[in-house]
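Before any comments, here is the structure.
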Protein chains: 2
Amino acid sequence: MTQVDDTDSLRERILSQAEVLFADKGYQGVSVREITAAADCNVAAVNYHFGNKQNLYLEVFRARWLPRAKRLHECFRRSLASQDAPSPASVIQALAQAFLIGPLSDEERHRHHQLMVRELWEPTEALEVVADQVMGPFFREFTDTLRLLMPKGIGVEEERMAFSALSILGMVLYFNFARVAVTRITGCEYDLAFKNRLVAHIVRFSCGGLDGIRTRRLGLCQQDPGDA
Amino acid sequence: MTQVDDTDSLRERILSQAEVLFADKGYQGVSVREITAAADCNVAAVNYHFGNKQNLYLEVFRARWLPRAKRLHECFRRSLASQDAPSPASVIQALAQAFLIGPLSDEERHRHHQLMVRELWEPTEALEVVADQVMGPFFREFTDTLRLLMPKGIGVEEERMAFSALSILGMVLYFNFARVAVTRITGCEYDLAFKNRLVAHIVRFSCGGLDGIRTRRLGLCQQDPGDA
DNA sequence: GTCTATAGCAGGATAGAC
DNA sequence: GTCTATCCTGCTATAGAC
């Protein structure tokens with residue numbers, strides 16, 4: 001009961017501070033000294049507990065990032081399971097909410113996405129954890145669920161379905177990731193009210209989009225690469 | 001005519017190599033020594049020509065990135081001007097084409113976006129160039145053009161319009177930026193045919209989305225942050 | 001486990017020869 | 001303008017005391 005959890009051990013403190021700093025500035029942008037200063041301990045402690053910097057980075061993903069990703073995935077799943085009348089709209093909402101609001105605190109979510117996007121963008125060894133164990137399965141689940149709920153009759157080509165799922169995910173990631181730009185343009189902070197409006201927009205826009213790819217014919221001509 | 005352009009001066013060579021490397025690995029990820037090695041010259045040359053590393057980075061944006069952004073913007077403008085029956089679809093197509101196909105070579109475009117996304121994501125001093133001089137005006141132009149072409153009658157709230165324009169831009173940026181993920185999922189390389197299909201999808205999906213935000217009512221409930 | 005001390009190297013920047 | 005030589009700082013990592 002009163003088992004004094006080893007939560008405040010130096011090892012954990014280092015891990016926590018490392019996560020914050022790596023998320024904020026990236027692997028290259030952070031020095032071990034910075035981390036140990038933040039964790040209020042000596043440089044050597046990192047090498048004792050994690051061997052080297054690279055390993056500390058990986059451990060952040062294994063010990064901190066992964067469990068949180070699982071919680072997020074669970075949140076999405078539960079959200080789906082709780083719906084008695086699932087629809088594309090409700091699935092998209094579940095996705096957007098999991099990412100934009102989800103079960104994580106604002107800070108936690110921000111760190112989480114920073115770390116993820118960094119890995120997706122310029123992969124290190126940690127990509128294996130991020131892409132293969134998390135993003136891949138999540139995306140497949142999302143796409144499959146969505147496909148099953150699409151209005152029958154007009155079969156939606158496989159590629160269009162993939163494009164659409166990517167568009168939706170891309171939008172969600174963009175709104176998370178380009179916060180600075182979004183705030184700059186809309187003039188709004190990312191508080192809960194704003195995020196709810198954002199989720200509502202994403203759902204509306206995406207559902208319209210899904211209709212679009214089923215019904216819309218393009219009257220536009222394709223173009224050549226264009227001149228310089 | 002045969003003016004031997006100073007294009008192969010050491011200064012230019014450094015600038016070129018710096019751009020490639022900065023785009024690839026980011027400011028922190030590249031050392032001056034690496035750049036000068038690639039430009040086949042001495043370390044001191046950077047300090048002679050640019051003062052310091054930070055300034056070299058800024059100069060890459062001012063001297064290389066900015067002109068290219070202007071070309072891109074021009075490409076978008078000409079594309080709009082050449083339309084005798086402009087519509088939301090044709091504007092979105094112009095945007096998507098400018099970014100995905102545009103007047104740049106594949107390599108050039110890739111570098112261009114890498115540099116841009118880096119700045120949007122973790123801004124340095126160069127953000128001023130990127131956001132204020134380029135992205136801002138471009139985005140405003142896109143949004144204004146789009147707004148004017150929206151079906152009249154049902155006025156679209158200002159915020160929804162901004163959200164939609166952001167969604168479209170976000171999608172375009174995502175398809176450019178998450179190439180690895182997109183290729184992984186669709187199994188397609190980014191050749192011209194694929195990019196044309198992508199542009200077509202973006203247009204269809206976005207037009208549907210625009211319809212969606214005008215006509216769609218949400219029957220879904222908003223949610224609290226959710227439990228941990 | 002946590003510290004001090006230090007090795008050993010790579011980074012940015014500058015002075016000054018040519 | 002371009003190079004050589006060098007300074008100094010800050011980095012990772014390790015050895016060894018406590």
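Here the structure is a predicted model, which means the values were calculated and not measured. A, B, ... follow the sequence lines: proteins, then strands. Residue 1 opens every chain.
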Rounding to an integer number of Å, can you tell me how far [X] [atom1] sits from [N] [atom2]?
X	N	atom1	atom2	value
B:D8	D:dG1	CG	P	16 Å
B:L10	D:dG1	CG	C1'	8 Å
A:N42	D:dA17	CG	P	16 Å
B:I14	C:dA13	CD1	P	13 Å

* Asked: Under the 6.0 Å and 45° cation-pi test, does A:K195 pair with A:Y190?
  -> no
Run the ring-ring contact (aromatic ring centres under 6.0 Å, His included) test against [X] and tell me which residues pass, sequence neighbours left out.
X	answer
A:F50	none
B:Y174	none
A:F139	none
A:H73	A:F138

* Going by heavy atoms closer than 4.0 Å, what residues in residues 44-65 of chain A are next to DNA chain D? -> A:A44, A:N47, A:N52, A:K53
* Where along residues 20-34 of chain B does a heavy atom come under 4.0 Å from DNA chain D, residue by residue in number order? -> none
* Asked: Which residue pairs pass the salt bridge (Lys or Arg N to Asp or Glu O under 4.0 Å) test when at least one of the two sits in residues 130-142 of chain A, sequence neighbours left out?
  -> A:R77-A:E141, A:D132-B:R184
* **For B:A94, all residues meeting side chain to side chain contact (heavy atoms under 4.5 Å, CB included), sequence neighbours excluded** => B:F76, B:S79, B:L80, B:Q83
Under 3.5 Å, sequence neighbours excluded: what are the donor-acceptor pairs made by side chains of residues 121-128 of chain A?
unit_1, atom_1, unit_2, atom_2, d
A:W121, NE1, B:Q114, OE1, 3.0
A:E122, OE2, B:R118, NH1, 2.9
A:T124, OG1, A:E119, OE1, 3.1
A:T124, OG1, A:E119, OE2, 2.9
A:T124, OG1, A:A126, N, 3.1
A:E125, OE1, A:Q54, NE2, 3.3

